[in-house]
Amino acid sequence: MDSLDMLANNVANSGTVGFKADREFYGVYVSEQAAQNIDPDLSPVVEKHWTDFSQGTLLASGNPLDLAVSGTGLFALDSPTGPLYTRNGNFRLSPDGQIISQDGSKLRVKTPNNQPLKLDPARAVDIGPDGMIRQDSQELGQIETFEMDNTNALEKRGSSYFQWMDNGLPKTSTSTEIHQGVVENSNVPVAEAAVRLVSVMRQFEMLQKAISLGADMNRRSIEEVAKVN
């Protein structure tokens, strides 16, 4: 059931910008009775989920405020619940000239004198590979990207956001390249996920049949014992 839920969520988000696929670590489970056997049967169990941060396909959108990251960096957003990190670069312009996510969280931008970024919606916006934002050749600020040595400390918040759960702050990324007018597609391997989904569903059905068979055998045993008595 854990695998079904995880795979179904991956497939459902295969078209979500910046989504990172979930995968699982497996261990084995041994019941108390099975452990007393010389050669016990071992059953797999999902120990925990982990997130695959591999690069997704970059797709041109033509929107100058759509951004994508090459490398290990993540965009930083100032949300009402605190800093969030994402690879979803589907941004828009707020009424006060700031770059925000579709749900209204502000993209973190380093500006001269730490003044709020104010873009003119009537003028073209140019964003360089280093994240520098320009209008009419004037540098207005630089988009900050961050990278994490320990990605296990990132917990998912929604479909494409992450929260940093470790002590301290993530470090600024120095090797990240930003692409303008491009978005990063989900890194879910749809064909592989669909095949695994079918495989797990078949295993699930087999286990259901085994449980039903066991229950039927117990019922028949009780009925036969009752007849003998």
To the nearest 0.5 Å, what is the distance between [atom1] ([X]) and [atom2] ([Y])?
X    : Y    : atom1 : atom2 : value
Q163 : L84  : CD    : CG    : 6.0 Å
K106 : S94  : NZ    : OG    : 9.0 Å
I99  : S105 : CD1   : OG    : 14.0 Å
T51  : D22  : OG1   : CG    : 4.5 Å
T111 : L117 : OG1   : CG    : 7.0 Å
E192 : N10  : CD    : CG    : 9.5 Å

Is a side-chain donor-acceptor pair under 3.5 Å present for [Y] with [X]?
X    : Y    : value
N13  : N9   : yes
N63  : S61  : no
E147 : S173 : yes

Legend entry - For N88, all residues meeting side chain to side chain donor-acceptor pair (under 3.5 Å), sequence neighbours excluded: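 N88 satisfies side chain to side chain donor-acceptor pair (under 3.5 Å) with S160 only.
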Legend entry - Set of side chain to side chain donor-acceptor pair (under 3.5 Å) partners for N187, sequence neighbours left out: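 In terms of side chain to side chain donor-acceptor pair (under 3.5 Å), with neighbours along the sequence ignored, N187 is linked to S54.
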Tell me the closest heavy-atom pair linking [X] and [Y], and the distance in Å.
X    : Y    : result
A193 : V11  : CB-CG2, 3.8 Å
I178 : G131 : CD1-CA, 3.7 Å
L74  : R87  : CG-CD, 4.1 Å
A153 : D166 : CB-CB, 3.6 Å
S70  : H179 : OG-NE2, 2.7 Å
L67  : Q180 : CD2-CA, 3.9 Å

Inset, instruction - Give the C-alpha distance, both sets of side-chain angles, the deciding distance and a yes or no for salt bridge (charged side-chain N to carboxylate O under 4.0 Å, His left out) between D52 and R23. - result: CA-CA 7 Å; D52 179 4; R23 298 183 182 273; 3.5 Å; yes
Legend entry - Check against side chain to side chain contact (heavy atoms under 4.5 Å, CB included), L107 and F91: CA-CA 8 Å; L107 177 66; F91 298 117; 3.7 Å; yes
Inset, instruction - For side chain to side chain contact (heavy atoms under 4.5 Å, CB included), just list the numbers for R134 and R123, CA-CA rounded to whole Å, side-chain angles, deciding distance to a tenth of an Å, and then say yes or no. - result: CA-CA 10 Å; R134 299 179 178 86; R123 296 157 59 194; over 6 Å; no
[X] versus [Y]: any side-chain heavy-atom pair under 4.5 Å?
X    : Y    : answer
T145 : T172 : no
K171 : D149 : yes
L119 : I133 : yes
D130 : Q142 : yes
R92  : I100 : yes

Inset, instruction - Begin with the C-alpha distance, continue with both residues' side-chain angles, and end with the deciding distance and a verdict on side chain to side chain contact (heavy atoms under 4.5 Å, CB included) for Q135 and V125. - result: CA-CA 5 Å; Q135 280 191 319; V125 178; 3.4 Å; yes
When hydrophobic residues are tied together by side-chain contacts of less than 4.5 Å, even through go-betweens, does [X] share a cluster with [Y]?
X    : Y    : answer
Y161 : M148 : no
I143 : L65  : yes
M132 : V69  : no
L140 : L93  : yes
F75  : W164 : no

Legend entry - Qualifying residue for ring pair (Phe, Tyr, Trp, His ring centres under 6.0 Å) with F162, from F53, Y85, F146: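 In the set F53, Y85, F146, the residue that makes a ring pair (Phe, Tyr, Trp, His ring centres under 6.0 Å) with F162 is F53.
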Legend entry - Greater than 12 external heavy atoms within 6.0 Å of K156's NZ: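 It does: K156 NZ has more than 12 such atoms within range.
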Legend entry - Under 3.5 Å: donor-acceptor pair, side chain of T16, backbone of F19: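 No, because the side chain of T16 does not come within donor-acceptor range (under 3.5 Å) of the backbone of F19.
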Mind listing the side-chain donor-acceptor pairs of residues 197-207 below 3.5 Å, one per line with the distance, residues two or more places apart or on another chain?
none

Inset, instruction - Decide side chain to side chain contact (heavy atoms under 4.5 Å, CB included) for R219 and M217; before the verdict, give the C-alpha distance in whole Å, the side-chain angles of both, and the deciding distance to 0.1 Å. - result: CA-CA 5 Å; R219 179 181 59 80; M217 291 175 64; over 6 Å; no
Inset, instruction - Under the salt bridge (charged side-chain N to carboxylate O under 4.0 Å, His left out) rule, what do D96 and K118 come out as? Steps first, then yes or no, please. - result: CA-CA 7 Å; D96 60 353; K118 289 188 177 180; over 6 Å; no
